[in-house]
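To start, the structure under review is shown below, and the notes come after it.
Small disclaimer: the values here were computed from a predicted structure and weren't measured.
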Amino acid sequence: QVQLVESGGGSVQAGGSLRLTCATSGFVSSSVSMGWFRQVPGKEREGVAAISSSGGFKVHAAAVRGRFIITRDNAKNMLYLQMDDLKPEDTAVYYCAAAAVGSRAGVTLRSSDFTYWGHGTQVTVSS
């Protein structure tokens with residue numbers, strides 16, 4: 001059973017920082033690419049950042065580039081999203097995602113390229 005569990009969300013003022021953590025189980029962490037997505041009510045999930053299975057390649061959405069950094073620690077089966085200089089428009093539920101084992105999608109911000117999802121953690125940024 002593949003499980004992804006996010007933590008680290010909360011409320012912060014604009015300009016503040018948070019670090020999200022995704023704890024994974026049920027698969028070999030180093031075998032798949034992973035990513036962070038976010039969603040607000042009434043809108044589609046938005047890709048935030050993604051990272052290759054080894055951690056050697058990353059992509060960040062333009063909206064967060066320079067402020068957020070995705071990292072992973074495969075030895076600990078953990079995925080992280082360091083969020084700095086948070087803005088009110090970053091307010092959303094943030095989801096951790098993993099591609100299917102054997103996927104050749106590479107590093108992508110398309111939600112359809114990911115198979116497994118956590119249940120999300122709320123991030124609220126006030127002005």
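With rounding to the nearest 0.5 angstrom, the CD atom of Gln3 is 12.0 Å from the SG atom of Cys96. Atom-to-atom distance recorded for Leu81:CG and Tyr94:OH is 7.5 Å, nearest 0.5 angstrom. Expressed to the nearest 0.5 Å, how far CD1 of Ile70 lies from CE of Met83 amounts to 12.0 Å. Residue Leu86 holds its CG atom at 11.0 Å from OG of Ser11, rounded to the nearest 0.5 Å. Between Ser103 atom OG and Phe114 atom CZ the span is 8.0 Å, to the nearest 0.5 Å. In this structure, CE in Met34 is found 9.5 Å from CD1 in Ile51, a value given to the nearest 0.5 Å.
Looking only at distances, no side-chain donor or acceptor of Glu6 sits under 3.5 Å from a matching main-chain atom of Thr121. Remark: side-chain polar atoms of Asn77 are not paired, donor with acceptor, to backbone N or O of Gly26 under 3.5 angstrom. With Thr91 contributing its side chain and Val125 its backbone, the two residues share a donor-acceptor pair below 3.5 Å.
Checking Tyr95, Trp117, Tyr116 one by one against Phe37, the ring-ring contact (aromatic ring centres under 6.0 Å, His included) holds for a single residue, Trp117.
Residue pairs that meet the salt bridge (Lys or Arg N to Asp or Glu O under 4.0 Å) test with at least one member in residues 45-67, sequence neighbours left out, are Arg38-Glu46, Arg67-Asp90.
Side-chain contact check for Leu20 versus Val123: some heavy-atom pair is nearer than 4.5 Å. The side-chain heavy atoms of Gln82 and Thr71, taken from C-beta on, include no pair separated by under 4.5 Å. Side-chain atoms of Phe57 and Ser33, non-hydrogen and from C-beta on, never get closer than 4.5 Å to each other.
Across every non-hydrogen atom of Ala99 and Asp113, the tightest pair is CB-O, 3.8 Å. The heavy-atom pair separating Thr108 from Ala50 by the smallest distance is O-CB, 3.1 Å. The minimum heavy-atom distance between Cys22 and Leu4, with the atom names listed, is SG-CB, 3.9 Å. A pairwise comparison of heavy atoms in Ala98 and Val32 identifies CB-CG2, 4.3 Å as the closest pair.
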